[in-house]
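Structure record follows, encoded as structure tokens.
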Amino acid sequence: MQKPIKKDPNRYHGEKMTEFSEWFHNILEEAEIIDQRYPVKGMHVWMPHGFMIRKNTLKILRRILDRDHEEVLFPLLVPEDELAKEAIHVKGFEDEVYWVTHGGLSKLQRKLALRPTSETVMYPMFALWVRSHTDLPMRFYQVVNTFRYETKHTRPLIRVREITTFKEAHTIHATASEAEEQVERAVEIYKEFFNSLGIPYLITRRPPWDKFPGSEYTVAFDTLMPDGKTLQIGTVHNLGQTFARTFEIKFETPEGDHEYVHQTCYGLSDRVIASVIAIHGDESGLCLPPDVAAHQVVIVPIIFKKAAEEVMEACRELRSRLEAAGFRVHLDDRDIRAGRKYYEWEMRGVPLRVEIGPRDLEKGAAVISRRDTGEKVTADLQGIEETLRELMKDILENLRTRAWERMESEIREAETLEEASRIVDEKRGIISFMWCGEEECGMDVEEKVRVDILGIQEEGSGTCINCGREAPTGLTLPEHIS
RNA sequence: GGGACCAUAGGGUAGCUUGGUCGAUCCUUUGGGCUUUGGGAGCCUGAGACCCCGGUUCAAAUCCGGGUGGUCCCA
């Protein structure tokens with residue numbers, strides 16, 4: 001009981017803000033999310049706890065997508081000639097494609113690529129599937145792994161060679177305006193998804209030199225990591241008819257003509273999980289939104305010699321009750337000190353902890369402790385389901401608000417290039433300024449201020465910070481040091 | 001694409017400069033036992049490592065070469 005509160009130097013270290021990179025690395029190992037020791041660069045192992053979080057995250061996503069998308073599954077390998085068909089598209093990926101060149105000992109007559117993304121895998125099949133305007137629209141998605149031969153430093157969940165979780169949706173429409181509308185819908189879908197994870201985001205239209213290769217335009221979701229740098233966590237592309245022409249995807253109109261379809265695609269990856277971990281986590285470790293947490297409630301019995309069995313029995317009973325009520329609950333009945341359990345479950349991000357000891361039992365109560373605030377309250381065992389449910393709602397709300405405030409406090413407005421440069425010197429955060437939208441002028445800004453322009457926000461107006469021309473749309477240009 | 005640094009139990013480290021005292025240090029982890037248990041328990045007793053290949057040498061964790069893996073900086 002006289003605890004020597006010595007900080008174990010080998011557990012992950014606390015200073016999340018000052019040493020984010022180390023914090024992130026350590027928490028992934030410590031909380032048993034990812035094992036980074038697999039002996040191939042950029043490829044890592046999902047451990048059971050991490051896999052649970054991933055599974056729950058996907059569950060939320062599928063619940064939303066399944067409303068009007070159909071899930072499919074396409075092959076991993078793309079023949080070289082298909083991959084090469086869409087020239088601009090290939091150019092964007094050729095440096096980072098993995099190739100399968102052999103089958104056993106014999107060399108393949110036709111090289112096969114590991115999909116870097118699945119446009120060229122799916123679209124030849126779409127050409128077979130789409131016949132008539134009555135088939136449209138079509139909305140598909142799949143959750144697969146993709147491969148990119150990253151040459152820069154890899155980092156678990158954020159920059160990897162095997163993207164283990166890539167949700168890609170592909171839609172097909174009869175008209176340009178329907179495709180346009182689908183882009184808007186996809187943005188709404190992603191908003192709903194990120195909101196249910198409490199992740200703040202910035203929605204921008206990517207500058208033309210940074211759009212998806214082969215697309216008309218790209219709308220991207222970015223969030224802000226604790227190190228002050230932005231992270232792209234989702235993209236929505238309007239593909240126009242480019243791929244339709246390349247892959248001959250046509251439909252018959254009511255009039256009997258044959259026209260090329262209009263397409264969109266949009267994707268999310270492992271980075272979503274990285275952002276949940278990074279943005280909500282703190283110096284005690286993970287802090288998970290209840291919907292993604294592997295365990296939502298952990299029960300810790302406070303055992304003394306006297307009443308030991310009664311306490312255990314009450315805990316077991318509570319567990320069955322909570323399970324019946326639909327909670328993901330765990331009873332930690334290990335024979336170690338309660339304090340140690342607290343530290344462990346806090347590190348693993350469990351939103352709620354319920355403690356039951358002899359004193360509580362006499363009162364027919366339990367102590368509930370919430371992970372996000374550290375607050376403890378005593379609650380009646382009677383009707384505790386409702387209390388816990390309320391608290392979970394509150395936790396998500398609190399996490400979301402907290403995260404949005406933090407991100408917004410890092411967005412700074414600049415009226416002049418000098419001002420922007422000064423902010424850049426701080427090496428963190430996002431700068432918002434007006435830009436005319438011209439490519440040449442944008443490149444010039446990137447050069448002068450030494451930033452990467454993230455994208456254009458579709459609101460407000462003013463004069464361009466660089467050339468002084470009228471800027472029809474307000475612009476947010478986050479500093480994006482990659 | 002260019003450069004710097006690093007590699008010792010599951011994790012973190014000491015030792016390397018000046019080869020031998022290393023039967024390799026400390027923390028954590030981990031098996032067994034007793035006493036404990038309202039915020040990381042204590043004691044006893046076990047377990048666990050010099051990245052790979054080659055070289056120099058009587059002798060290599062230590063020096064040299066190559067490989068592999070990792071970290072960071074610059075374009």
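Numbered from 1 within each chain, the chains take letters A, B, ... in sequence-line order. Keep in mind that this is a model prediction, so the values were computed, not measured.
Note on A:Lys41: only backbone sugar-phosphate atoms sit closer than 4.0 angstrom, heavy atoms only; bases stay farther off. Using a 4.0 Å heavy-atom criterion, one finds that A:Glu32 contacts no nucleic acid atom at all. Looking at heavy-atom distances under 4.0 Å, A:Arg353 makes contact with a base.
Sequence neighbours left out, the pairs with a member in residues 377-396 of chain A that pass salt bridge (charged side-chain N to carboxylate O under 4.0 Å, His left out) are A:Arg321-A:Glu385, A:Arg370-A:Asp394, A:Glu386-A:Arg389, A:Glu390-A:Lys393. Applying the salt bridge (charged side-chain N to carboxylate O under 4.0 Å, His left out) test to every pair with at least one member in residues 82-96 of chain A, sequence neighbours left out, gives these pairs: A:Glu82-A:Lys85. Sorted by first and then second residue, the pairs that involve residues 353-362 of chain A and meet salt bridge (charged side-chain N to carboxylate O under 4.0 Å, His left out), not counting sequence neighbours, are A:Glu346-A:Arg353, A:Arg353-A:Glu355, A:Glu355-A:Lys376.
For the C1' atoms, the distance linking B:rU8 with B:rU13 amounts to 9 Å, nearest Å. Between the P atoms of B:rC50 and B:rG23, the separation comes to 14 Å (whole Å). Distance noted for atom P between B:rC16 and B:rC22: 13 Å (whole Å). Remark: the separation of the P atoms in B:rC63 and B:rC6 is 11 Å, to the nearest Å. To the nearest whole angstrom, the two C1' atoms, one in B:rU62 and one in B:rG19, are 6 Å apart. For the P atom pair drawn from B:rA9 and B:rA61, the interatomic distance equals 15 Å after rounding to whole Å. For the C1' atoms, the distance from B:rC74 to B:rA14 is 33 Å, rounded to whole Å. Going from the P atom of B:rA60 to that of B:rG67 covers 24 Å, rounded to whole Å.
Inspection of the A:Asp222 and A:Thr230 side chains reveals no N or O donor paired with an N or O acceptor under 3.5 Å.
Of the residues in residues 357-364 of chain A, those with a non-hydrogen atom less than 4.0 angstrom from any atom of RNA chain B are A:Gly357, A:Pro358, A:Arg359, A:Asp360.
Side chain of A:Thr463 to backbone of A:Gly468: no donor-acceptor contact under 3.5 angstrom is found.
Among residues two or more places apart in sequence or in another chain, the side chain to side chain donor-acceptor pair (under 3.5 Å) test is passed with A:Asn466 by A:Asp444, A:Lys448. Under the side chain to side chain contact (heavy atoms under 4.5 Å, CB included) criterion, A:Thr101 pairs with A:Trp99, A:Lys111, not counting sequence neighbours. Remark: A:Ala308 engages A:Ile303 in a side chain to side chain contact (heavy atoms under 4.5 Å, CB included) (not counting sequence neighbours). In this view, A:Ser421 and A:Val449 satisfy the side chain to side chain contact (heavy atoms under 4.5 Å, CB included) rule, not counting sequence neighbours.
Atom pair A:Ile302:CD1 and B:rU36:C1' shows a separation of 15 Å (rounding to whole Å applied).
Between B:rG42 and A:Arg337, no contact under 4.0 Å exists linking OP1 or OP2 to a side-chain N or O. For A:Lys341 and B:rG39, the shortest distance from a side-chain N or O to OP1 or OP2 is not below 4.0 Å.
The nearest heavy atom of RNA chain B to A:His153 and to A:Gly42 marks one nucleotide each, and the one closer to the 5' end goes with A:Gly42. Toward the 5′ end of RNA chain B lies the nearest nucleotide of A:Glu346, the other residue of the pair A:Glu346 and A:Tyr38 mapping further downstream.
For a distance-only test at 3.5 Å, the side chain of A:Glu29 fails to qualify as a donor-acceptor partner of the base of B:rG12. For B:rG38, its base never sits under 3.5 Å from the side chain of A:Lys376 at any donor and acceptor pair.
Annotation: A:Met47, atom CE; neighbour count of heavy atoms from other residues, nucleotides and ligands within 6.0 Å is above 12.
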Dot-bracket for RNA chain B, 5' to 3', Watson-Crick and G-U pairs with both distances under 3.5 Å, [ ] for crossing pairs, | for partner on another strand, reads (((((((..(((.......[.....)))(((((((.....)))))))...(((((..]....)))))))))))).
